[in-house]
Amino acid sequence: KGIHMINRTHGLWLSTAILTACSSVQEPNTLEAGQTQSEPSSADIRPAPQPEPLRETTKLNSTLADVASPHIQAQSVARSESIASFVMPAPSPEPGVVIEADRERYEAAAVNPIHRVLETPVSTFSVDVDTASYSNMRRFLSQGVMPPEDSIRVEELLNYFDYQYEGPGEGDHPFAIHTQLTPTPWNEHTQLLRIGVQGYEVEAESLPPMNLVFLLDVSGSMNQSNKLPLLQRAFGLLVDRLRSEDKVAIVVYAGASGVVLEPTGGDDRVSISHALNQLQAGGSTHGSAGIQLAYQVAEAQFREGGVNRVILGTDGDFNVGVTNLDDLKALIEAKRESGVFFSALGFGTGNYNDQLMEELTNLGNGTAYYIDQFREARKVFAEDLTGTLHTIAKDVKIQVEFNPAQVAEYRLIGYDNRQLRREDFNNDRVDAGDVGAGHSVTALYEIVPAQGDFRFTDPLRFQEHSGVETTASELAFVKLRYKRPDQDRSILMSHPVEAATEAQSMDSAMQFAAAVAGFGELLRGSYYVDDWSIADARQLAQAAIGEDAFGYRQELLQLMQNAEALAPH
């Protein structure tokens, strides 16, 4: 028998076949009753059990029929044979084959550097309300593994939590801007400037009519318990919250793509759930064809003034069709002009393509999530439902100008891959982040006061760096640009930050935000927090738990403890 010993070192799965004489004792191929197994262990990797064939249904191989354009009808009919493969039992891996488990992809981005205000007084960046990095980090630490540094986006850790900012009220803008200045926990010579942006709330029952297309990956790589089965339960939560005025279609892709549920009223939950739950995994991944078809279905049912969105569920392992990232980006970028927005939910381990999920949602006017457990699905599709589905502003950019009379140096914490050029702020052709109803955005700047002696950098020899004449009462000036979801011209907001002779003491919200940011910086390997520790971050967070209705803050403390054990120094 070939027995495969698996050793996981730095996230790599290595296999060694040891040939032994056959004996009459056979290793069981299945788990004992009541046991579960979510990750490969050091035991043998065995073929996945084949599910039972599905009974014939009336909806699974349906086309768009009367509700879609003839072009889409023709596409669906032409694919009718290949659609059948989506409901066939998934093939088992060949005996003796070990599936590669470390093909996860993350974008490398350098930590934002220190800037001297006299040389670069303006900082510009795109907002980010994605939370995929946080739940992905939780997945690693829950399994006793330190997350890869490139997988950590500090702003997504920050924006995972609610800091109870006050909303915009009855004004003309969809946002309220809040600022606060406090001491920096990890550097006694610097201060933290927090910029908080809060979007207005919308009740779930007040959402506009929705036109949703579930674009679901049913390729062979999804044949794991934390992929397709979890995906089905996650999207099932959204199905339970649909209304009669909403429409849902389901498009799937593997070796080919097809419509397995034509647009159906949200009150017909039986048909929607049946189509969703009958899906099984098998075949290669033709992601680009699925995206094209999903947009066609959404455009055919477009709701003026409604929520029009394609929601992708996948591990991101596109390996057939358009796999070049630039081609996929161009496809999504072109399709967003139709008014159909694009969001993505990532699942699974081993081949999760975080970089692709983030790129596509950035260009598709949507949000990227990573679903590591059912609890996260509940957060996305139940607790934060309106923010997940209803965009209140697109292309949201922030620009901060620092007063050199008050600030000598600064650095933006996080948003490492969201930096924009100064002139991009006023250029409405430059894409930026999108914000959903009730979403908040938190950004932290670490600043060096001009009055102190401490500096990260040496002054330049040939540049004037004194005698600056400016408004001494202001520390900084914050500007925000956004577009309404159905408009192409941006609207400007501004907010002055008044200087203070001394930074304010931290309230619990600011204290917790600083703890999260510092923890993220430590996971990122940022040298700006070299004198701090994970234990310091945990103690700061623990003292600022505050209201924690769903237990997310308490959960972070557990993750911090895991990280302490994995990296005690």
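- There is no side-chain donor-acceptor pair under 3.5 Å between Q504 and T182.
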side-chain hydrogen bond (donor to acceptor under 3.5 Å, both in side chains) between S343 and R309, worked out: CA-CA 7 Å; S343 294; R309 189 175 294 271; 2.7 Å; yes
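- Between R418 and L412 there is no side-chain heavy-atom pair separated by less than 4.5 Å.
- One finds a salt bridge joining R524 and D416 here, because a Lys/Arg side-chain nitrogen approaches an Asp/Glu carboxylate oxygen to under 4.0 Å.
- In this structure, the side chains of Y369 and D130 stay at 4.5 Å or more apart for every pair of heavy atoms.
- Sorted by first and then second residue, the salt bridge (Lys or Arg N to Asp or Glu O under 4.0 Å) pairs with a member in residues 532-561 read R138-E555, R375-E555, R538-E564; sequence neighbours excluded.
- Between V197 and I398 the shortest side-chain heavy-atom distance falls below 4.5 Å.
- The ring of F161 has its center closer than 6.0 angstrom to the ring center of Y134.
- Stacking of K394 on the aromatic ring of F341 is not recorded, the 6.0 Å distance cut-off and the 45° axial limit not both being met.
- In summary, D431 and K397 do not engage in a salt bridge, as defined by a charged side-chain N under 4.0 Å from a carboxylate O.
- The aromatic rings of F454 and F456 sit perpendicular to each other, their planes meeting at more than 60°, with 30° as the lower class boundary.
- Inspection of the E409 and T457 side chains reveals an N or O donor paired with an N or O acceptor under 3.5 Å.
- Taking the six-membered ring for Trp and thresholds of 30 and 60 degrees, Y415 and F125 have ring planes inclined between 30 and 60 degrees apart.
- By the 30° and 60° cut-offs, the orientation of the rings of Y352 relative to Y106 is perpendicular.
- Side chains of Q355 and N353: a donor-acceptor N/O pair is absent below 3.5 angstrom, by distance only.
- Between the side chains of Y160 and S135, no donor N or O sits under 3.5 Å from an acceptor N or O.
- The closest side-chain heavy-atom distance from L192 to P185 is below 4.5 Å.
- Stacking of K379 on the aromatic ring of F550 is not recorded, the 6.0 Å distance cut-off and the 45° axial limit not both being met.
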